[in-house]
Amino acid sequence: MSKNVADVLGKGLSPQSYIDTMEKNKDKFQAWSDQFAWTSDEEREFFESLQFRDDLRCLIIAAEWCGDCVRNVPVVLRALEATQIPTEILIMEQFTETLDNFLTLGGRSIPVVIFADTGGHVLAQWGPRPVDVQAHMVAFKQANPDREAADYQDNLKVVKQQMLVQYGEGTAYQARIVNELREVLSAL
């Protein structure tokens with residue numbers, strides 16, 4: 001059965017409302033957004049070419065306390081800004097049933113960026129983090145299937161550090177997200 005998000009279309013926050021109501025990590029979120037830059041005119045033009053796609057909608061499941069959301073959602077929003085695709089943010093805690101249809105490795109990982117048609121039929125998704133960063137979590141989950149194991153939490157701390165290193169200190173990861181979003185959107 002294909003996924004459908006018609007029941008939540010129109011129930012999220014606009015990107016600006018989400019930012020305005022943030023109580024945690026707002027400065028970091030804004031800083032990552034302010035540092036966004038297109039890597040080429042061709043890349044920007046691709047996203048701008050989607051302005052004529054009135055058949056697409058975007059939902060982003062996120063939470064202001066989540067480090068991946070604070071890093072990744074500003075990039076997604078800045079790229080999608082050029083597309084003019086109607087975009088809403090669903091606060092994870094208010095939309096857990098929706099999130100449960102988009103689990104990552106069997107768990108609730110955010111952000112999840114969902115592209116749907118106007119009827120809510122899900123066409124594609126992205127997230128929760130760039131593929132190269134997510135690869136560390138995939139390897140961790142494969143090596144640590146038992147969440148109750150004595151060393152699970154210690155191993156999780158290690159993988160989170162590895163993921164931070166993979167993100168890097170600067171904004172290079174943003175270009176990787178834009179490239180991955182472009183691949184997703186090119187298929188629609």
Side-chain angles (χ1 to χ4, degrees), residues 1-15 18 32-33 35-63 66 68-90 92 95 97-139 141-142 163 166-168 171-188:
M1 176 183 230
S2 64
K3 296 177 185 177
N4 191 296
V5 291
D7 61 325
V8 295
L9 279 176
K11 294 185 179 176
L13 296 172
S14 71
Y18 175 74
W32 288 120
S33 180
Q35 294 176 62
F36 177 84
W38 296 105
T39 58
S40 70
D41 288 340
E42 189 266 334
E43 181 181 78
R44 178 185 44 76
E45 289 165 0
F46 168 81
F47 282 87
E48 289 174 347
S49 76
L50 296 173
Q51 291 176 7
F52 306 104
R53 292 288 307 267
D54 62 355
D55 59 323
L56 296 176
R57 302 294 180 267
C58 179
L59 297 172
I60 303 171
I61 305 173
C66 171
D68 289 309
C69 290
V70 171
R71 270 186 185 261
N72 301 339
V73 172
V75 180
V76 173
L77 292 177
R78 291 295 303 274
L80 291 180
E81 204 173 73
T83 69
Q84 297 182 11
I85 294 171
T87 301
E88 303 173 53
I89 298 180
L90 304 175
M92 186 199 87
F95 292 91
E97 281 186 26
T98 303
L99 179 58
D100 288 345
N101 292 312
F102 298 92
L103 299 178
T104 302
L105 302 172
R108 291 178 174 171
S109 296
I110 52 175
V112 177
V113 179
I114 303 162
F115 294 100
D117 64 18
T118 56
H121 299 282
V122 175
L123 305 172
Q125 71 183 70
W126 179 89
R129 51 189 71 93
V131 171
D132 63 321
V133 177
Q134 181 64 7
H136 292 281
M137 184 58 74
V138 171
K141 292 281 188 169
Q142 290 172 344
M163 289 170 28
Q166 191 70 41
Y167 269 119
T171 59
Y173 79 95
Q174 293 186 348
R176 299 191 308 267
I177 291 174
V178 170
N179 185 53
E180 290 175 20
L181 288 172
R182 182 177 178 164
E183 288 177 21
V184 168
L185 289 166
S186 290
L188 305 182

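Residue numbers count from 1 along this sequence. Quick caveat, the model's predicted, so the values are computed rather than measured.
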Item checked: Spatial distance of atom CG (Leu59) from atom CZ (Phe95) [nearest 0.5 Å] -> 8.5 Å
Note to self: Once rounded to the nearest 0.5 Å, what's the spacing between atom CG of Leu103 and atom CG of Asn101?
What the structure shows: 8.0 Å
Next item on the list: Measure across Cys58 and Ile85 and return the closest heavy-atom pair with its distance rounded to 0.1 Å.
Entry: N-CG2, 3.9 Å
Check: Under the salt bridge (Lys or Arg N to Asp or Glu O under 4.0 Å) rule, what pairs show up with a residue in residues 98-110, not counting sequence neighbours?
Finding: Asp100-Arg108
Checklist line | Check against side chain to side chain contact (heavy atoms under 4.5 Å, CB included), Leu77 and Ile60 | finding: CA-CA 9 Å; Leu77 292 177; Ile60 303 171; 3.8 Å; yes
Notebook entry, point to check: Nearest 0.5 Å, what's the CG-CZ distance between Leu188 and Arg53?
Noted result: 6.0 Å
Checklist line | Separation of Leu99 CG from Leu90 CG (nearest 0.5 Å) | finding: 9.5 Å
Item checked: For Val75 against Arg71, the heavy-atom pair lying closest together -> CG2-O, 3.6 Å
Check: To the nearest 0.5 Å, how far apart are SG in Cys69 and CE in Met92?
Finding: 9.0 Å
Check: Which heavy-atom pair separates Asp68 from Pro128 by the least distance, and what is that distance?
Finding: CB-O, 4.0 Å
Next item on the list: Determine the minimum heavy-atom distance between Trp38 and Ala79, stating which atoms define it.
Entry: CH2-CA, 3.7 Å
Item checked: Heavy-atom closest pair, residues Ala62 and Tyr18 -> CB-OH, 4.0 Å
Check: Is Ile114 close to Lys3 at the side-chain level, that is, under 4.5 Å between some pair of heavy atoms?
Finding: no
Notebook entry, point to check: Should Leu9 and Glu88 be marked as a side chain to side chain contact (heavy atoms under 4.5 Å, CB included) after you check the CA-CA gap, both sets of side-chain angles, and the distance that decides it?
Noted result: CA-CA 8 Å; Leu9 279 176; Glu88 303 173 53; 4.1 Å; yes
Margin query: How close do Pro111 and Asn72 get, counting heavy atoms only, and between which atoms?
Written below: CG-CB, 4.2 Å
Notebook entry, point to check: Does Arg78 have any side-chain contact (heavy atoms from CB on, under 4.5 Å) partners at least two apart in sequence or in another chain, and if so, which?
Noted result: Ser33, Phe36, Glu81
Checklist line | Pairing residues for Glu183 by the side-chain contact (heavy atoms from CB on, under 4.5 Å) criterion, not counting sequence neighbours | finding: Asn179
Notebook entry, point to check: Can you list the residues that meet the ring-ring contact (aromatic ring centres under 6.0 Å, His included) rule with Tyr173, with sequence neighbours excluded?
Noted result: Trp32, Tyr167
Notebook entry, point to check: Rounded to the nearest 0.5 Å, what separation is found between the CZ atom of Arg129 and the CZ atom of Arg176?
Noted result: 13.0 Å
Checklist line | side-chain contact (heavy atoms from CB on, under 4.5 Å) partners for Glu48, two or more places apart | finding: Arg44, Glu45, Gln51, Ala82
Next item on the list: Could you list all the side-chain hydrogen bond (donor to acceptor under 3.5 Å, both in side chains) pairs where at least one residue sits in residues 110-127, not counting sequence neighbours?
Entry: Asn4-His121, Trp126-Glu180
